[in-house]
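First the structure, in the form of structure tokens, and then the observations on it.
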Amino acid sequence: MHTTVGIIGGGPAGLLLARLLHRAGIDSVVLESRDRAYVEQRQRAGILEQTTVDALRAAGAGERMDREGLVHHGVELRFDGRSHRLDFPALTGGRSVMVYAQTEVVKDLIALQLREGGPLLFGAEVAGVDGADTDRPVIRYTHEGREQTLTCDYVVGCDGFHGVAKRAIPEAERRTFERTYPYSWLGVLADAPPVGDELVYAHSDRGFALASVRSPTVSRLYLQVPNGTDVADWPDERIWDELGLRLASEGSGPLHRGPITAKSVLPMRSHVTEPMRWGRVLLAGDAAHIVPPTGAKGLNLAAADVIVLAAALTERYTTGSTTLLDTYSDTCLRRVWRAEHFSWFMTTTLHTDPGHTPFERRLQISQLERIATSTHAAAELAENYVGLPVGMSAACRPRVTAGCRTDVSGTAAAAANSMSS
Ligand code: APR
Ligand code: PHB
């Protein structure tokens with residue numbers, strides 16, 4: 001079998017790329033090792049930057065997101081028993097974020113691709129890529145018990161942190177940068193109304209806590225826990241008690257408790273693989289970089305990579321020029337490192353590090369106070385949180401279909417209208 005672009009991995013990066021290529025008239029095949037139900041149910045973050053929202057709309061996958069997504073105009077920071085709101089539009093010249101879970105993004109993209117896209121094969125496990133430095137790279141994979149090959153013009157590795165695509169870059173040419181953290185997150189889903197109208201990021205002596213939202217009746221909550229924590233040690237009552245203590249601030253009411261429907265422990269890691277292109281193999285999303293989730297950047301970075309890549313491949317097949325493909329790795333890595341820094345900053349500022357001295361703990365509080373009292377410091381955080389530009393000219397960004405709303409704020413009114421009607 002031959003295709004123009006062979007995509008390894010059917011997570012958000014692979015699926016969004018397939019959709020953007022389909023819209024540009026470029027064939028692709030997506031090979032995903034897991035089954036559909038597994039991919040659709042994997043719990044991940046849920047904050048979408050404007051650029052990601054625009055790309056999903058441009059991919060034709062914006063309809064349910066625009067109906068059900070919640071536009072958030074700020075976040076709350078809690079520390080030292082006090083609460084401080086960061087007003088995103090005021091700090092960033094009008095920008096906001098959309099809360100719409102990655103599980104839902106993935107469901108929307110899969111349904112669309114199966115309905116009107118190129119092949120998307122589940123249970124297709126890729127063993128490796130041969131001929132990265134030739135004109136016809138080949139993906140080796142197993143599907144329905146048979147070993148098969150897919151010959152491609154280009155191969156894109158969207159196969160996540162443990163994927164095989166990055167091995168196509170010779171070891172001597174591949175550089176990795178990594179940091180692990182001395183804590184993990186215990187993440188839970190609860191049938192309970194959200195803690196506040198916006199996300200709450202809380203720093204306390206007992207550790208970090210984050211209160212996020214999935215819908216008006218479902219909360220997504222996280223607690224900093226030691227590495228190696230067993231969820232069995234965290235019965236529901238203990239989770240609610242600890243959330244109550246860490247999220248408490250002057251004037252905050254009691255938590256709305258409810259049944260906890262899912263619990264898991266998530267490790268925290270920063271990782272970058274360079275370069276993101278070798279010959280005709282390109283890496284995108286978690287295959288090339290991981291961030292700790294504190295800055296809500298993972299999904300948005302994956303989306304930014306494939307936006308750049310779809311534009312580069314479109315240029316290649318409309319004009320024959322490989323200029324954007326040739327600069328793909330450099331273009332993406334600039335944004336990746338900014339997000340790596342921001343995610344590291346949010347993580348190390350908000351968590352309680354068991355190795356910290358009282359001196360370092362005072363520095364954390366001083367930094368948080370600076371954010372709470374200086375418009376400049378708050379704006380620096382807010383700009384990074386709502387997302388920086390994709391680092392390419394506007395002409396290269398995906399076209400937004402006529403009639404689509406082009407800003408998340410525009411959607412707020414529409415969402416509010418559709419909810420009240
Ligand atoms: N063959 C085929 N598919 C594979 C293989 C393989 N050898 N190895 C991994 N995969 C699939 C995985 O099953 C997974 O569905 O690749 C997909 C990678 O998806 P993600 O891990 O979700 O990565 P990505 O699409 O880059 O999305 C990034 O996910 O981890 C979060 O925070 C991150 O939100 C961000 C997003
Ligand atoms: C989430 O909603 O799951 C979420 C939100 C913000 C983060 C991390 C996770 O920083």
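Both ligands and their constituent atoms are indexed starting at 1 by order of listing.
- Across all their heavy atoms, Phe122 and His143 have their closest contact at O-NE2, 3.1 Å.
- A cation-pi arrangement is found for Arg280 relative to Tyr154, the charged atom lying closer than 6.0 Å to the ring centre and inside a 45° cone about the ring normal.
- For His73 and Phe88, the distance between ring centers is not under 6.0 angstrom.
- Listed by first then second residue, pairs satisfying side-chain hydrogen bond (donor to acceptor under 3.5 Å, both in side chains) with a partner in residues 159-173 number zero, not counting sequence neighbours.
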Please tabulate, one line per pair, the protein nitrogen or oxygen atoms found under 3.5 angstrom from a nitrogen or oxygen of ligand 2, with distances to 0.1 Å, or say none if there are no such pairs.
| residue | atom | partner | partner atom | Å |
| --- | --- | --- | --- | --- |
| ligand 2 | 2 (O) | Ser212 | OG | 2.6 |
| ligand 2 | 2 (O) | Arg214 | NH1 | 2.9 |
| ligand 2 | 2 (O) | Arg214 | NH2 | 3.4 |
| ligand 2 | 3 (O) | Arg214 | NH2 | 2.8 |
| ligand 2 | 3 (O) | Tyr222 | OH | 2.5 |
| ligand 2 | 10 (O) | Tyr201 | OH | 2.8 |
| ligand 2 | 10 (O) | Pro293 | O | 2.8 |
| ligand 2 | 10 (O) | Thr294 | O | 3.3 |

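- Partners of Phe79 by ring-ring contact (aromatic ring centres under 6.0 Å, His included), not counting sequence neighbours, listed by chain and number: His84.
- Inter-residue side-chain proximity for Leu48 and Val97 is flagged as unmet; no heavy-atom pair is nearer than 4.5 Å.
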Present, as a list of atom pairs with distances to 0.1 Å, all nitrogen or oxygen contacts under 3.5 Å between ligand 1 and the protein.
| residue | atom | partner | partner atom | Å |
| --- | --- | --- | --- | --- |
| ligand 1 | 1 (N) | Val126 | N | 3.0 |
| ligand 1 | 3 (N) | Ser33 | N | 3.1 |
| ligand 1 | 3 (N) | Ser33 | OG | 3.4 |
| ligand 1 | 7 (N) | Val126 | O | 3.0 |
| ligand 1 | 13 (O) | Glu32 | OE2 | 2.6 |
| ligand 1 | 15 (O) | Glu32 | OE1 | 2.6 |
| ligand 1 | 15 (O) | Glu32 | OE2 | 3.2 |
| ligand 1 | 15 (O) | Arg42 | NH1 | 3.2 |
| ligand 1 | 15 (O) | Arg42 | NH2 | 2.8 |
| ligand 1 | 22 (O) | Arg44 | NH1 | 2.9 |
| ligand 1 | 25 (O) | Pro12 | N | 3.2 |
| ligand 1 | 25 (O) | Ala13 | N | 2.9 |
| ligand 1 | 26 (O) | Asp286 | N | 2.8 |
| ligand 1 | 29 (O) | Arg44 | NH1 | 2.8 |
| ligand 1 | 29 (O) | Gln102 | NE2 | 3.3 |
| ligand 1 | 30 (O) | Arg44 | NH1 | 3.0 |
| ligand 1 | 30 (O) | Asp286 | OD2 | 2.4 |
| ligand 1 | 34 (O) | Gln102 | OE1 | 2.5 |
| ligand 1 | 34 (O) | Leu299 | N | 3.1 |

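- Put simply, the side chain of Arg206 reaches to within 4.5 Å of the side chain of Arg246, judged on heavy atoms.
- You'll find the ring centres of Tyr181 and Trp344 outside the 6.0 Å limit.
- In this structure, Trp337 has its ring center closer than 6.0 angstrom to the ring center of Phe177.
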